[in-house]
2 protein chains.
Amino acid sequence: MVAIGEAARLSGVSIETIRYYEHEGLVAKAGRTASGRRTFSKASIYELRFIKRCRDLGFSIHDAVALRSLANEPANACETVGQLDRNHLTDVRAKIAELRRLESALIELVANCAKEQHDCPMLDALMGQNS
Amino acid sequence: MVAIGEAARLSGVSIETIRYYEHEGLVAKAGRTASGRRTFSKASIYELRFIKRCRDLGFSIHDAVALRSLANEPANACETVGQLDRNHLTDVRAKIAELRRLESALIELVANCAKEQHDCPMLDALMGQNS
DNA sequence: CTTGCTCCTGTAGCCACTACAGAATGTGCA
DNA sequence: TGCACATTCTGTAGTGGCTACAGGAGCAAG
């Protein structure tokens, strides 16, 4: 049993975020000492780490909770997990595509921008009537 | 002079967002009819379009305002615009790189997930001790 | 016994909107 | 003219996922 600061160090989740997770019901409520300080078991630290890994993979909190409860289920978990993963992968790829679109637009716009230029081609494009 | 609904249609910015922009001082305050409804000139619609284009390119509101005021400045605008663009481009590329990292992690994790499997490799990885 | 660290609760802020509620005004048609 | 319906108004609250305080209390080491 460790205090919240140690739990934060061990799990990689910040103190504030741990409290936020508890408040939102995302993880089980921590125990308390006589003076009201939270205490964390090994299990609860693993729980925090699990959530953190999901978040680091870009899963929403909602999905992270879903994954966490799948970890306790015996049957068919793997299939559901795979589905969540593939859905998320689709989202990630859509974001990549969108960002690449932005990237090439930005490259094109900045291409003719330079010092000592009277008219800025990028500003012209942003102000223009077309499209 | 058109009403806010028409301005929204013409600029591509939603009614609520137009009001939000005005409230935040992002665009000039619209004129008003006798009964208090907003009126929009061609110029203010172009202004909205300008902001929208910046936002569509992924610029923050802060940057969009900066770009807008550069459009009214005579000298050296193009260089500053180019700098803003390149900074943003750097951010976009960082995000792409991060998402690609996620993408490959997700692919690897889901690789061995399938129906009828007892242990889920993805859950195992998320729960594991290492790193 | 004091110094300084950790921890507590509760609230506000971030970004850029979006979604109401409830009221007033405007428009088209019989 | 009367009525229905569309549009607009203000103001507030919610979204996601934290982060950053303020102000107070407990705890451990010297």
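Chain letters run A, B, ... following the sequence lines, proteins first, then strands; residues in each count from 1. Computed from a predicted structure; not experimentally measured.
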key: Check: A:Arg37 side chain, D:dG26 base, donor-acceptor under 3.5 Å   = yes
key: Spacing of A:His62 atom NE2 relative to D:dG17 atom P, expressed in whole Å   = 10 Å
query = What's the closest nucleotide to the B:Tyr20 side chain, out of C:dC8, D:dT8, C:dA16?
reply = C:dA16
task = Report yes if a side-chain nitrogen or oxygen of A:Arg32 is closer than 4.0 Å to either non-bridging phosphate oxygen (OP1 or OP2) of C:dC7; otherwise report no.
result = no
note = In whole angstroms, the gap separating P of C:dA16 from CD1 of B:Ile18 amounts to 18 Å
5' precedence on DNA chain D between A:Ser14 and B:Gly36 (nearest-nucleotide basis) = B:Gly36
request  = Classify the nucleic acid contact of A:Thr33 as base, sugar-phosphate or nothing, counting any heavy atom under 4.0 Å across all strands shown.
outcome  = nothing
task = Decide, yes or no, whether a salt bridge links B:Lys95 with B:Asp91 under the criterion of side-chain N to carboxylate O below 4.0 Å.
result = no
ask   = Rounded to whole angstroms, how far apart are NE2 on B:His23 and P on D:dG11?
value = 9 Å
query = Do B:Cys113 and A:Glu79 come close enough that some side-chain heavy atom pair is under 4.5 Å?
reply = no
inquiry  = Using heavy-atom distances to pick each residue's nearest nucleotide on DNA chain D, tell me which of A:Phe59 and B:Ala3 is more 5'.
reply    = B:Ala3
ask   = Rounded to the Å, how far apart are A:Leu48 CG and D:dC18 C1'?
value = 15 Å
task = Report the distance from atom CD1 of A:Ile15 to atom P of C:dT9, rounded to the nearest whole Å.
result = 13 Å
message = What is the distance, to the nearest angstrom, from the CD atom on A:Glu24 to the C1' atom on D:dT19?
response = 14 Å
query = Taking only side-chain nitrogens and oxygens of B:Ser35, does any of them come within less than 4.0 Å of OP1 or OP2 of C:dA24?
reply = no
key: Among C:dA16, C:dA19, D:dC27, the one nearest B:Glu16 by side-chain distance   = C:dA19
note = Of the candidates C:dA16, D:dC9, D:dG17, the side chain of A:Ser60 sits closest to D:dG17
ask   = From the list D:dC9, C:dT9, C:dC17, which nucleotide is the closest neighbour of the side chain of A:Arg38?
value = C:dT9
query = Can you tell me if the side-chain N/O atoms of B:Arg19 get under 4.0 Å from OP1 or OP2 in D:dT10?
reply = no
task = Could you tell me whether A:Glu108 atom CD has more than 12 heavy atoms of other residues or ligands within 6.0 Å of it?
result = no
message = If the threshold is 4.0 Å, N to carboxylate O, is there a salt bridge linking B:Glu103 and B:Arg100?
response = no
inquiry  = Could you see if A:Met1 belongs to whatever hydrophobic cluster contains A:Ile45? Use Ile, Leu, Val, Met, Phe, Trp, Tyr and a side-chain cutoff under 4.5 Å.
reply    = no
key: Atom pair distance, as rounded to whole Å: NZ in A:Lys95 and P in D:dG16   = 13 Å
A:Tyr21 side chain near D:dG17 phosphate (N/O to OP1/OP2, under 4.0 Å) = no
